[in-house]
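Everything on this sheet refers to the single structure shown next.
Every heavy atom of this structure was used, including side-chain atoms; hydrogens, water molecules and symmetry mates were not. So you know, we letter chains A, B, ... as the sequences are listed, proteins then strands, and number each from 1. Here the structure is a predicted model, which means the values were calculated and not measured.
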Amino acid sequence: MIGFGLPNGRPLLTHRKLPEAAMGPPYFYYENVALAPRGVWDTISRFLYDIEPEFVDSKFFCAAARKRGYIHNLPIHNRFPLLPLPPRTIFEAFPMTKKWWPSWDTRTHLNCLQTCTASAKLTERIRSALADSDDPPSHNTRQFVINECRKWNLVWVGLHKVAPLEPDEIEMLLGFPRNHTRGGGSSRTERYKSLGNSFQVDTVAYHLSVLKDMFPNGITMLSLFSGIGGAEVALHRLGIHLKAVVSVEISEVNRNIVRSWWEQTNQTGTLIDIADVQQLNGDKLEQLIHTFGGFDLVVGGSPCNNLSGSNRVSRDGLEGKHSALFYDYFRILDLVKNIMGKES
DNA sequence: TTCACTATGATTAGCCCG
DNA sequence: CGGGCTAATCATAGTGAA
């Protein structure tokens, strides 16, 4: 799952032919979970002008897996990665764990960072099982421990002692500045949730890097379902000036996080935040496009709640309560294309 | 009311192998 | 080609303490 190519490998593809209807302006970038129920990506692709999705696992960019599909109309040649390159193995990311890491735990990468973490009961069950067993432990004990460690992304922090990642460790893995989600009224639970729902910044930045030469004076972006601002952080770290960002995000805590980051990084552009995508109708978009002279980029990862395999309760597909917001991404993107096409 | 904590499988895709 | 196996997975809902 390497998409059209990785930073240090030979590209599988350097050019592609996009359908006429897919061409910009604006450029757009859509994201969601790769392992969605059958047929979901076919539907998404059909709405987004029949562009073939680019499936990438972020384990090639950082120390944690993140299998995602991206549909975009960006050029794909001359991409470049963010520097410095982030740690790409568990030991590089968390050197202190090496001391306690059993040889029979052969993981080099973590699994997908999700919204919930393991219970204290589980880590205690693991400690107890290992303390009561031989050295090395029996096959059954090892199997139990390894399975739980993989399922819950546990790391070794002591003798027989595993623990879930801390929020600041997840921020690092995902490419955000330390304490990005800390403060601003965000509880620990909310931090895990917001981070679990986020982009992996290095992966997204690699795809967006082609914009740097194309927009030397900066870009104006419409950011839908912004979350904690993964796309904004990616562009900023690429050194692309943000002239204006219209950010749409339902969570007040997340809006605060992005607003706070905007202040921390001394942005000179304009940040407008909107709570609900439903507020973005034709009139509102015409007004915004008139104000900013159009959007260069429309970014969005629509809710995956009803697509994710972790959802035992309501994995209802693209028509599910939350994931159906994909259709608002399409609606808004298509409106922007039409309005901008009319004015040019 | 908020927050921390806990338990709760099914659906895929990719293998190998007959 | 299909059955059996391994493996991964941006979560929801309930409870109880503060």
Spacing of Leu318(A) atom CG relative to dT11(B) atom C1', expressed in whole Å: 16 Å
Sugar-phosphate, base or nothing in reach of Ala65(A), heavy atoms under 4.0 Å: sugar-phosphate
Residue Arg150(A), side-chain atoms from C-beta onward, closest of dT12(C), dA13(B), dA7(C): dA7(C)
Sugar-phosphate only, base, or nothing, as touched by Thr115(A) at under 4.0 Å among non-hydrogen atoms: base
Whole angstrom value for the distance that separates P of dA7(C) from CD1 of Ile146(A): 10 Å
Pair assignment for dC10(C), Watson-Crick or G-U wobble, requiring both distances under 3.5 Å: none
Minimum-distance nucleotide to Lys121(A) side chain [options: dC10(C), dA7(B), dA7(C)]: dA7(B)
C1' gap between dG14(B) and dC10(C), integer Å: 22 Å
Separation of dT6(C) P from Lys151(A) NZ (nearest whole Å): 14 Å
Mutual orientation of the aromatic rings belonging to Phe199(A) and Tyr29(A) [parallel < 30°, tilted 30-60°, perpendicular > 60°]: perpendicular
Proximal nucleotide (of dC3(B), dA11(C), dT12(B)) relative to the Trp152(A) side chain: dA11(C)
Residues Arg188(A), Glu166(A): salt bridge by 4.0 Å N-O rule: yes
Lys/Arg cation over aromatic Phe80(A): Lys212(A), 6.0 Å, 45° cone: no
Sugar-phosphate, base or nothing in reach of Lys67(A), heavy atoms under 4.0 Å: sugar-phosphate
Among dA7(B), dA11(C), dA7(C), the one nearest Arg125(A) by side-chain distance: dA7(B)
Asn305(A) side chain near dA11(C) phosphate (N/O to OP1/OP2, under 4.0 Å): no
Asn147(A) CG to dC5(C) P, straight-line distance once rounded to whole Å: 16 Å
Sugar-phosphate only, base, or nothing, as touched by Ser194(A) at under 4.0 Å among non-hydrogen atoms: nothing
Cationic N near anionic O, under 4.0 Å, Lys121(A) to Glu124(A): no
Sugar-phosphate only, base, or nothing, as touched by Arg66(A) at under 4.0 Å among non-hydrogen atoms: base
dT9(C) phosphate, OP1 or OP2, under 4.0 Å from Gln114(A) side-chain N/O: no
Phosphate-side-chain proximity, Ser119(A) and dC5(B), N/O vs OP1/OP2 below 4.0 Å: no
Sugar-phosphate, base or nothing in reach of Arg188(A), heavy atoms under 4.0 Å: sugar-phosphate
Sub-6.0 Å ring centroid separation between Phe55(A) and Trp41(A): yes
Side-chain N or O of Ser310(A) closer than 4.0 Å to phosphate OP1/OP2 of dA11(C): yes
Touch class at under 4.0 angstrom, heavy-atom based, for Cys112(A) against every strand present: sugar-phosphate
Note: Asp328(A)-Arg331(A) ion pair, threshold 4.0 Å (strictly below): yes
Protein-nucleotide distance (Phe55(A), atom CZ; dT12(B), atom P), rounded to Å: 14 Å
Which residue lies more 5' along DNA chain B, comparing Asn311(A) with Thr189(A) via nearest heavy atoms: Thr189(A)
Closest-nucleotide 5' rank along DNA chain C - winner of His322(A) and Asn111(A): Asn111(A)
Options dT12(B), dT12(C), dT8(B), nucleotide nearest the side-chain atoms of Arg312(A): dT8(B)
5′-ward residue of the pair Ala120(A)/Leu35(A) relative to DNA chain B: Ala120(A)
Residues Lys151(A) and Glu148(A) bridged, charged N to O under 4.0 Å: yes
Candidates dA13(C), dT12(B), dT9(C) - which lies nearest the side chain of Val313(A): dA13(C)
d(CG, Leu224(A); C1', dC10(C)) in whole Å: 17 Å
Distance, rounded to the nearest Å, where Leu307(A) contributes CG and dT12(C) contributes C1': 15 Å
Any N/O donor-acceptor pair, Glu190(A) side-chain to dC3(B) base, under 3.5 Å: no
Distance, rounded to the nearest Å, where Arg38(A) contributes CZ and dG14(B) contributes P: 11 Å
